[in-house]
Each structure stands twice: as C-alpha cells, then as structure tokens.
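First comes the structure, then the notes that go with it.
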Amino acid sequence: MGRFVNGCESGVAMDEQRRSYRQRLIALAAASIGSLAASAISYGAAIYRAANPEPLRAAVPGETVDTGRWHVTIAGARVSDSPPSGRRPPEPQTFLLVDFEAGNRSASTAYLPAKLLTFAGLEAKLASPNFYLTRDKAFGPSLHPGMPERLTAVWEWPAGEMPPRELKLLIGSQVYKKRDNLYGASNWFDRDPVAIVSLTVTQEAARARQ
Amino acid sequence: MTTFANILALLLAAAALYGMQHSTPSYSEILSPVAVPAAQGKPAQTERFVFGVAKVHLAGQLVAPQFGEPRTYTTSGKWLVVEAAAKAQDRSVSLTSAAWRGPSGLRFAMSTRIGSTLGLLGSERLEPGIPRPVLLVFELPEDQIEGGTLLVAETAVTPLSEQVEIAMDSVPPENRYESLTLARGGRIMPWSLEFHQ
C-alpha cells in the first residue's frame, strides 16, 4: 500500500517536474523571440533609415538654421586673393570665403566645430576652413553663449583650379549627450548636416599687387 | 496571486532601475573640480595656490597692443578686466583655467582675442612665496555681469583639482568706462591701464 502511494506520488512529482520544464522552455522561447524581435526591429529601422535618409532642409542665404549647438545664418560666398586678415601670401593664391553669423546656444564658450560648414559637391575634398571674426579679423575665435558674432570661413583654393560660380554648402550639426558612450561624460558631438544652402559665388575685384 | 506578485516585482524592479539610472552622477560630475568658495576682497586659499582679486573694470571697448601697435577691440557686450594677484603655495604652478559664471549659469572662458602678453593669467608660472600680478580679460553680455562668479583653477581638465569660486561684487560706477587702454607696464606691474570716460 505504502509502495503504491509512493509510486503515485512520484508520478505526480514527475508530472509536475515535466510541466515546470515545459513552462521554463516556453518562458525561454518567449524571451528569446522577444529579444530577437527587438534586435531585428532596431536593425531593420537602422537599415531603413540609412536607405531612406530624411531630405536635407534647403535653406536660403539669410535664413537662420538651428544646428543643435549653433544658430547659423549664411550671408554669402565670394572669391578673393587675400584672406580676411588682409595679409596676402607671397605666392598668389585664391581664397574662397563664406560670410556667416553664428550664435552659441550652449551654456559655455566654445570653438566652432571643423565640420560646421562642408560642401556637397566636388569641393568636399577641401580641407577644413579657418574662421575669422568679422569684427577684428581675429583668427579662430571662440564664441561665447548669448553673443552671436559675424564670421568668415576661409578655404584655400587649390592652385591652378577655377573657383566655382555656384556652391552647395552643407551646414553640420552637433548634439549634446549627457552621458557619452565611452566614459559617460557629458559633451557635444558632431552629427550629420542638417541643411543645404545654394550660394552664388561673387568675384571680389582683384586689387593690384604691391 | 502569484501572477500579481510577479508583475508587482517586475514593476518595482523597473522603477528601481529607472531611479538608479537617473540618480547616478555623470562622469563629468564625479570628476568635476572641488569648489573652494571665496569672496572678493580677501585672498582665496587652496592647497596649491592663493588667488586674490584687486580691482575690476568694465569697458565698452578695449585698446591693447598687438604686434607692438595699439589695436581697438570692440564687443557686442562689455569687456570685464580683472586685476588680481596669485602665488603658489609650496611648489610652482601655472594657472591656466579661468571662467566667468554668469547669474544664469552660463560659463564664459577668458577671451582669446587679446594676445597673451600683458601678464594675462596663464602666460607665466607662479612660484611659491612670490605674489605675481595677473590680468584676466572677459567678454560678457551685459546681463551676465551682475552677480557673476569668477572661477580659477590650474587646468579645466584635471579631475578633482581645486577651483577657486569667487562671488564677485558689482562693479562700482567709477570703474565703468567707455574705453580702456591696456599698455605695457613697468618693472613691478606687467601692464598699465588708462581710462577714457
């Protein structure tokens, strides 16, 4: 009798054990399907976004573009034989100048990022520009919050190449991360361009070389 | 009942994780400089240097030498020129970081437009026991001057270094000028100031 009861009990226990295994298996399957679906959706979304980028906003000269850290207003582009400092290099050289206004929206003084202004066309191969303050031609100034300034971006044009008549200028952006991916420190990071500006390049009358 | 308890435990865990995520100080906060509060008028002591503000001037434009010639610097705000003195405590230090924190929390670094000649902070090393006059030049919007704090530290990036935070008084009317000229000074003071009302 005792044996029978024991056998019955062990059968019930085995049944329960089997059920608990099945439950665990189902839970495991549900969790893995869930996480697989999550990563598939996130990968899919990333691939979709890369394949269908949002069209760049087309801005016109004089229009203020919010780029995250900076408010940028492009005034115009010109070609000149001297940089804004007025000191002409000993060898004749061509400079491409873009006048713009920039305001620092962040809470601390900062330098303009090198990728703030880039070109969409073949000119993209040019090196990063130098920035001059229009006010006193100071080179590479830092901009203070709440004090927008007019500046000139200067590119040295490769010797022997004709400067373009029209330009497509891309305005880059910066985003704030409270915790960055490496240290968890707060900082500003470069992001993709947010706007494109079509500019007509005017030729500055060449002054006689002294 | 068990299901209910499970859901409750899950929600509690989620809430706890959310709370921990949002209350953890960021890396920048953990390694931010140690503040040494001070008032204008008496020297602020830190472990490595002593810093005291002597005079504060406010001007609409600044004339300073550049390549040996006086040059006028204009601004959309005001120029704030701080005459101060600093010395090292027990070993030589260089003070390279100075910032103005406005009443709304905006931080203004020292202006980089003026050349680093006239004994500007950061241009010379401080030695122990030898007080040295230092000059600080800021470019500030007018609404950020009143109630500002002067922050001075060895560097802006050294973690957990000490930073003097001087609560600044408002600039007296006799120290507000139309134009301020910075020129080379004599043997003791590396600069001299000339005012135009």
Side-chain angles (χ1 to χ4, degrees), chain A residues 16 19-20 23-24 26-27 30-31 34 38 69-71 73 84-87 100-112 130-152 175-189, chain B residues 2-3 6 10 20-32 60-64 66-67 69-80 97-116 137-145 148 151 156-157 159:
Chain A
E16 272 191 359
R19 198 175 303 142
S20 96
Q23 272 179 345
R24 278 196 210 174
I26 289 169
R69 190 173 202 179
W70 306 94
H71 271 149
T73 315
S85 63
R87 286 189 206 92
F100 66 104
E101 193 181 310
N104 185 348
R105 294 182 60 229
S106 74
S108 59
T109 303
Y111 290 95
L112 288 168
N130 294 319
F131 297 110
Y132 289 85
L133 209 58
T134 307
R135 193 188 287 283
D136 59 6
K137 319 296 179 215
F139 176 77
S142 52
L143 295 191
H144 305 291
M147 301 179 88
E149 287 283 356
R150 288 149 70 93
L151 298 124
T152 308
V175 292
Y176 182 74
K177 277 194 176 182
K178 196 172 176 224
R179 293 161 207 273
D180 73 21
N181 301 0
L182 189 57
Y183 293 113
S186 7
N187 210 343
W188 287 88
F189 294 91
Chain B
T2 336
T3 327
N6 279 344
L10 194 69
M20 285 196 280
Q21 186 191 27
H22 282 257
S23 61
T24 314
S26 75
Y27 186 81
S28 339
E29 280 162 348
I30 295 168
L31 297 182
S32 62
Q61 68 173 30
L62 203 62
V63 182
Q66 196 200 30
F67 306 124
E69 285 169 26
R71 188 165 170 184
T72 304
Y73 295 90
T74 57
T75 172
S76 61
K78 291 274 183 204
W79 289 102
L80 187 96
S97 161
W100 181 271
R101 189 170 61 204
S104 56
L106 299 181
R107 282 177 70 111
F108 299 85
M110 273 219 299
S111 178
T112 50
R113 286 164 62 191
I114 312 293
S116 59
V137 178
F138 295 99
E139 201 182 342
L140 304 169
E142 284 178 55
D143 61 336
Q144 296 294 320
I145 297 169
L151 315 174
V157 289

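Reminder, nothing fancy here: chain letters follow the sequence lines and each chain counts from 1.
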Which members of residues 97-106 of chain B, sorted by number, sit under 4.5 angstrom from chain A on a heavy-atom basis?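 Against chain A, the residues of residues 97-106 of chain B that fall inside the cut-off (heavy atoms, under 4.5 Å) are B:Gly105, B:Leu106.
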In Å and rounded to the nearest 0.5 Å, what is the [atom1] to [atom2] distance from [X] to [Y]?
X        : Y        : atom1 : atom2 : result
B:Met110 : A:Ser142 : CE    : OG    : 10.5 Å
A:Glu149 : B:Glu139 : CD    : CD    : 6.0 Å
B:Lys78  : A:Met147 : NZ    : CE    : 10.5 Å

Should the pair B:Phe108 and A:His144 be assigned to parallel (<30°), tilted (30 to 60°) or perpendicular (>60°) ring geometry?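 Answer is tilted, since the angle falls between 30° and 60°.
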Partners passing salt bridge (Lys or Arg N to Asp or Glu O under 4.0 Å) against A:Asp136 (at least two apart in sequence or in another chain):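 Salt bridge (Lys or Arg N to Asp or Glu O under 4.0 Å) check on A:Asp136 returns B:Arg113.
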Please flag which part of B:Ile30 lies under 4.5 Å from any non-hydrogen atom of chain A: side chain, backbone, both or neither.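 When you check distances to chain A, no heavy atom of B:Ile30 falls under 4.5 Å.
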When you measure from the side chain of B:Ser28 to the backbone of A:Ser186, do you find a donor-acceptor pair of N or O atoms at a distance under 3.5 Å?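 Yes; judged by distance alone, with no hydrogens or angles, the pair exists.
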Is the number of heavy atoms from other residues, nucleotides or ligands under 6.0 Å of A:Arg150 CZ greater than 12?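 Result for CZ/A:Arg150: open.
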Determine whether more than 12 heavy atoms belonging to other residues, nucleotides or ligands lie under 6.0 Å from atom OH of A:Tyr183.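 No, not enclosed.
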Taking every non-hydrogen atom, the tightest pair across A:Pro145 and B:Pro141: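 Heavy atoms only, the tightest pair is O-CG, 3.9 Å.
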Mind listing the closest non-hydrogen atom pair of B:Gln21 and A:Arg179 along with its distance?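 Looking at all heavy atoms of both residues, the closest pair is O-NH2, 3.4 Å.
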